[in-house]
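The structure under discussion appears below in the form of structure tokens.
Below, all heavy atoms of this structure are taken into account, side chains as well, without hydrogens, waters or symmetry copies. Here the structure is a predicted model, which is why all the values come from computation and not from measurement.
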Amino acid sequence: MNLKYFIDRPVLSAVISIVIVLGGIIGLATLPVEQYPDIAPPTVMVMTSYTGASAETLQNSVIAPLEEAINGVENMTHMTSSATNSGSVTIFVYFKQGIDPDMAAVNVQNRVSKATGSLPAEVTKVGVQTFKRQTSILKIFSIYSPDATYDNVFLSNYLKINLQPQILRVAGVGELVVLGSDYSMRIWMKPDIMAQYGLVPSDISAALAEQNIESATGSFAENGNQTYQYTMKYSGRLILPEEFENIVLRALPDGEILRLKDVADVELGEQQYAYASTTNGKPGISCLVFQTAGTNATEVIEEIDKLLEEACKDMPAGVDIVELRDANDFLFASIHEVIKTLLEAIVLVILIVYVFLQDLRSTVIPMVGIVVSLVGTFALLSFFGFSINLLTLFALVLAIGTVVDDSIIVVEAVQARFDVGYQSSYMAAHDAMKGISGAIVTSTLVFMAVFIPVSMMGGTSGTFYTQFGLTMAVAVGISAINALTLSPALCALMLKPYVDENGVEKENFAARFRKAFNTSFDTIVKKY
């Protein structure tokens, strides 16, 4: 293979490498950052509640019909379910890798609708909810009152009205779980007094259903020939505790009226008392943010952080937000360690290259090859739709020792020509590339042939090893391009013969270093 074209045109060779580096810089700026590739299979969560039921009751009356209906949905792999004695039911349905999570959620919802008739009336009334989300928690934060000005009920209500709708609108957020309770009208019945009047809880429920409603009241003169028409209005659902207290339970013939306040205490309190949370010893409500499949965790967390930062400006005095857990913390710490290892590896490689090549100019050429290969790899990572994660960075760490080989081979081949008496750097580079260009291409293709088939693997393992293998293959491929274009051009421009026409080594720093190194190395070999 004749590469004289690139040696004669060093500007063209430099432009090729510059274009590769610029493409890599653009790719580096646009690539998403995450801990691992998107390996989690799409997950759909089905959730409902059956107030007052035990876990065993939920298993028999709710979970069994739902699982029977959901089982066998398209592309499903397996599902898990759980029930608590507080009446809550959760079913997770897992799908094959690469399945559209939106379509999976629709298919599960269609199956759930078939099972609605088999569920208890109380469950049907509450409803069965279907969410598309992963089981991993993106972020945990808490809204609390540092000076205890507000209680948990107020904080929970404030969060659900002002923050929850905005967070759920962030692309990539699957669900926001609030570990708190809403405001609710609590009716505490008095069993002893109710027994005196012959009342049972269902009588109270019936009275609430009849008198606390929203309904169409109609109009006056709607179908007549009157001049005016009036639409009737009424207050609708009850709001204040006093209004609930005046609900009529029974009206006797003698004019006596039995009201709700006679048999129960009515107050505005929490909907449920299952949670008792504090933050830093003060009233606080914690929130768990879950991710949807196929989204970038880092970008989602950054959007949530921006939203919470803006929301803090509008919060009332005495209310603040504190971050409890963030998936980015571990991610950035891990990536920081990998990048530090990457820089250490680059320094060690350059140092070792300098020690054995024994010339600063000879060392610069492999250094340029490392930069072009590693930075240029990010361009193709962006093209393939990969991300900057622990696997791709780890592949770059391993590739450092490989991408430098091609440039070292070129430099050593040129140096070998100098050893036999070449005085022209141009002729040395030209003749050297005639002998090694085929070997560089062949060894590179063999190396790439080991890693490229990894991209054909399927499943979770394939997702892991695809990004790792292709990153290695791309880095080595770019190093070969650099070794065939820029490296020989740099050798022709930068390298100088270290022996004169008589074969006597020229006296300079490189020569003295080479002599001292070779003497020490020979001494060690003899003693060994």
Test: E323 and K139 ion pair at under 4.0 Å: yes
Worked check of side chain to side chain contact (heavy atoms under 4.5 Å, CB included) between C287 and L179: CA-CA 6 Å; C287 306; L179 302 180; over 6 Å; no
Within 6.0 Å of CZ in F384, more than 12 heavy atoms from elsewhere: yes
Regarding [X] and [Y], is there a side-chain donor-to-acceptor distance under 3.5 Å anywhere?
X    : Y    : value
T392 : Q467 : no
S61  : T57  : no
Q129 : T48  : no
S202 : S205 : no

4.5 Å side-chain heavy-atom contact, [X] and [Y]:
X    : Y    : value
R237 : I213 : no
I478 : I20  : yes
T466 : F386 : yes
V248 : L258 : no

Set of salt bridge (Lys or Arg N to Asp or Glu O under 4.0 Å) partners for K125, sequence neighbours left out: none
Those residues that, when tested against F154, pass ring pair (Phe, Tyr, Trp, His ring centres under 6.0 Å) (two or more places apart): Y150
